[in-house]
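Quick note on labels: first sequence line is chain A, next is B, and so on, each numbered from 1. Below, each value reflects all heavy atoms present in this structure, side chains not excepted, and no hydrogens, waters or symmetry copies. The shown structure was predicted, so the numbers you read here are calculated from the model rather than taken from an experiment.
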Amino acid sequence: MEKIKPVRVRFAPSPTGRLHLGGGRTALYNYLLAKKTGGMFILRIEDTDQKRYVASAEKEIIDGLHWLGIDWQEGPDVGGDYGPYRQTDKKALYRQYAEQLIEQGDAYYCFCSSERLAEMKQAQQKRKEFPHYDGRCRDLPLEEARKRIEAGEKYVIRFKTPKEGTTTVRDLVRGEITVENRTIDDYIIVKSDGWALYHLAAMVDDHMMKISHVIRGSEWIPTLPLHHLIIRAFGWDEPEWVHLSLFLKPDGKGKLSKRESAELMKDGYSIFLTDFIELGYLPEAVTNWIALMGWSYDDHTEIFTLDELVNAFSVDHLNPAPAAINFTKLDHFNGVHIRRLTIEDLAARVKPFFEKAGIDADDAALLKIAPIIQERMVTLDEAVSLAGFFFRDEVNPKAEDLIQKGLTAGQCAEIAEKSYAVLEKLPAIGVEVGEPEMRALVAELGLKPAQVFGVLRVAVTGQRVSPPLFESMEIIGKETVLARIKKAVEILRSNA
RNA sequence: GCCUCCAUCGUCUAGGGGACUAGGACGCAACCCUUUCAAGGUUAAAACGGGAGUUCGAAUCUCCCUGGAGGUGCCA
């Protein structure tokens, strides 16, 4: 196996909202590459946009990442040697770098008002030109600009992109990306409020934090040449660029957006990472699922733990094509990972869902129930609908459920009564003692097993679909089982 | 509109000029197992967007078209 150099990578979300699936995957891949190469994974908060800042977002991002099992060696919460890790703590620093660019002639002050800019843009659109700054302030003498600033005029700082030739940047998943320089706008890098924009701040940070690989979403490809030009203007080393494919809506039409998320929640899905907790998904499953969208290992391996992912991960198996997310596949992964859990683990993970449903489920019982519901669950919350009857004092079966196909209420009542008689004589009810006796009864009555056991199942569990009957009865205990059968008989009689 | 990226079953994908009769997974269908529901097992249906070219040979390389996506903010 080839020896890979330790990387320094970063996940740099902006705290403007909730962490979604795409962000989670970007963070995951960064983490995976760092772990795999014995490198460093850094969390950086890009909060220079004061207007869109959401106070709770940083915590949500951290919680979501931790839930997936991702941790970092440097970040706003854990510190590190290359901080600060929050961009709002570095305003003056970005400013200083912007000034350097101006001194070098790679950037300039621009005094154009937003009104003029808007008009200009409109005119350009009319002429079917690509929208770009027309360069009015581009060649303003620096002295004059400084005087205007002293006089109190408002200004921004723009990067001076070359207007001739082409720029080529190499992306590790797509190869070379070439654009004509005239199509790269003179982007604003410092706003009139003095704050640096992403294009400047992120490049400064990546350089100062010695980032070796920038793994980010492909929505950054259009500005990649700009970033390349900025780095080159400073004379810095360029990181390796890795642009990840986008996540598309399940129908493949357009990228994920918040609009649809409310709709999704109704179906038990979400695009926000932390929602999956209450939806009953395992972090193992979500990780496995998102890891396999845009990346693959070989032509048949699909089930991975986080550690296995670390081992298997490689940037050259990244796929440039956008991927439509597929929630039914998530369901599949969740089922697989639930079945991989130990009984103790499953019991512990299912417990909060019982609590939320107002059911006081004790650990001992949970441990007994876990094995018989394990292979029947897709999501953890289903444990409640599947096994709630174990904990309820009473069960209220519906007559229509009690009555089996091809039988009358009276016949079913009789089945229940005869079953009661058989079970009553037993010292206890379970798979060993109980099932043989009941099978004998089935033969004696000349009925199908499904009919007899069907009556019993609904009587004891209150539902048509349940975990295995005799295992269930064993856990419930003889006394309760008999009481429930008795009640079922009453229900059937009154419906006869 | 303009710029850029992308293109294999419905979806996620394997594929790197001959090993392709295009493989796996989800989902779907059938069957087996079965007291329900699952899980499991077996099987089936299902794709190289179109056209040129390069080559003895193209899903793989090139070009064009088409389609899709992203960007086009004093957001990130």
Side-chain angles (χ1 to χ4, degrees), chain A residues 12-17 46-49 51-52 110 112 114 117 121 124-132 154-158 171 174 177-180 182-185 187-195 197-199 201-202 216-225 243 245-246 248 250-255 289 292-303 317 319-333 335-336 339 373-378 382 386 404 435 438-439 442 448-458 461 463-470:
Chain A
S14 90
T16 52
E46 310 218 322
D47 53 356
T48 55
D49 187 352
K51 278 191 286 255
R52 295 199 310 151
C110 172
C112 297
S114 359
L117 261 21
K121 195 172 152 187
Q124 285 168 344
Q125 261 168 3
K126 231 180 221 167
R127 278 177 269 134
K128 298 196 171 175
E129 289 173 3
F130 58 92
H132 65 288
K154 282 212 139 205
Y155 67 95
V156 299
I157 298 175
R158 288 181 184 273
D171 169 70
R174 279 157 251 263
I177 295 170
T178 301
V179 295
E180 287 188 56
R182 60 174 189 87
T183 66
I184 310 173
D185 203 358
Y187 282 88
I188 293 171
I189 53 176
V190 173
K191 294 186 273 186
S192 56
D193 64 6
W195 282 102
L197 252 11
Y198 177 92
H199 306 122
R216 53 157 33 170
S218 63
E219 65 269 24
W220 291 110
I221 289 179
T223 46
L224 176 58
H243 290 91
S245 65
L246 256 17
L248 267 26
D251 63 6
K253 293 183 180 13
K255 64 171 180 176
W289 179 53
L292 255 30
M293 283 191 282
W295 174 83
S296 60
Y297 178 64
D298 59 17
D299 64 350
H300 65 279
T301 316
E302 298 228 285
I303 304 301
H317 276 89
N319 187 159
I325 57 169
N326 180 186
F327 289 110
T328 49
K329 190 128 188 181
L330 200 218
D331 284 338
H332 170 253
F333 279 127
V336 168
R339 274 168 252 132
I373 60 172
Q374 186 166 34
E375 67 191 27
R376 274 159 250 271
M377 286 194 284
V378 170
E382 287 174 354
L386 216 47
Q404 299 302 300
E435 179 155 3
M438 280 303 299
R439 287 206 180 269
V442 169
K448 288 187 203 147
Q451 296 174 313
V452 176
F453 294 135
V455 173
L456 218 46
R457 160 169 288 109
V458 177
T461 69
Q463 43 196 283
R464 290 200 143 200
V465 173
S466 83
L469 222 206
F470 288 93

Mapping A450(A) and K255(A) onto RNA chain B by nearest heavy atom, which one lands closer to the 5' end?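 The answer here is A450(A).
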
Looking at the side chain of [X], which of [options] is the nearest nucleotide?
{"X": "V465(A)", "options": "C37(B), G71(B), C12(B)", "result": "C37(B)"}
{"X": "P320(A)", "options": "C6(B), C5(B), A25(B)", "result": "C6(B)"}
{"X": "S296(A)", "options": "C74(B), U4(B), A14(B)", "result": "A14(B)"}
{"X": "N326(A)", "options": "U35(B), G70(B), C26(B)", "result": "C26(B)"}
{"X": "E435(A)", "options": "U72(B), U35(B), A14(B)", "result": "U35(B)"}

Does a side-chain N or O of T223(A) approach OP1 or OP2 of G71(B) to a distance below 4.0 Å, or not?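 Answer no for this pair, as no side-chain N or O of T223(A) is under 4.0 Å from OP1 or OP2.
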
Just N and O in the side chain of R339(A): are any of them under 4.0 Å from OP1 or OP2 of G40(B)? yes

Give G217(A) one of three labels, base, sugar-phosphate or nothing, depending on what nucleic acid heavy atoms sit under 4.0 Å from its own. nothing

Heavy atoms only, 4.0 Å cut-off, all strands: where does P13(A) land among base, sugar-phosphate and nothing?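 The residue P13(A) makes no contact with any strand.
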
To the nearest angstrom, how far is W295(A) atom CH2 from C12(B) atom P? 17 Å

Can you tell me how far P of A39(B) sits from CD of E375(A), to the nearest Å? 9 Å

Watson-Crick/G-U partner (both atom distances under 3.5 Å) of [N]:
{"N": "C2(B)", "value": "G71(B)"}
{"N": "C26(B)", "value": "G10(B)"}
{"N": "C37(B)", "value": "none"}

Can you check whether any acceptor in the base of [N] is under 3.5 Å from a donor in the side chain of [X], or vice versa?
{"X": "S192(A)", "N": "C74(B)", "result": "yes"}
{"X": "R464(A)", "N": "U36(B)", "result": "no"}
{"X": "K253(A)", "N": "A69(B)", "result": "no"}
{"X": "R174(A)", "N": "C5(B)", "result": "no"}

Give a yes or no answer on whether the side chain of S466(A) reaches the backbone of Q463(A) with a donor-acceptor pair at less than 3.5 Å.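 The answer is no, because no donor-acceptor pair under 3.5 Å joins these two groups.
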
So, R174(A) side chain and H243(A) main chain: donor-acceptor pair closer than 3.5 Å or not? yes

Using the ring of each side chain (for Trp, its six-membered ring), is F470(A) parallel, tilted or perpendicular to F453(A), with breaks at 30° and 60°?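 Plane angle over 60°, so perpendicular.
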
Does the side chain of L456(A) reach to within under 4.5 Å of the side chain of M438(A), using non-hydrogen atoms? yes

Sequence neighbours excluded, the answer for ring pair (Phe, Tyr, Trp, His ring centres under 6.0 Å) partners of W295(A) is F304(A), F313(A)

Rounding to the closest angstrom, what is the interatomic distance between [N] and [M] at atom [atom1]?
{"N": "G67(B)", "M": "G73(B)", "atom1": "C1'", "result": "28 Å"}
{"N": "U13(B)", "M": "U8(B)", "atom1": "C1'", "result": "9 Å"}
{"N": "U21(B)", "M": "U35(B)", "atom1": "C1'", "result": "44 Å"}

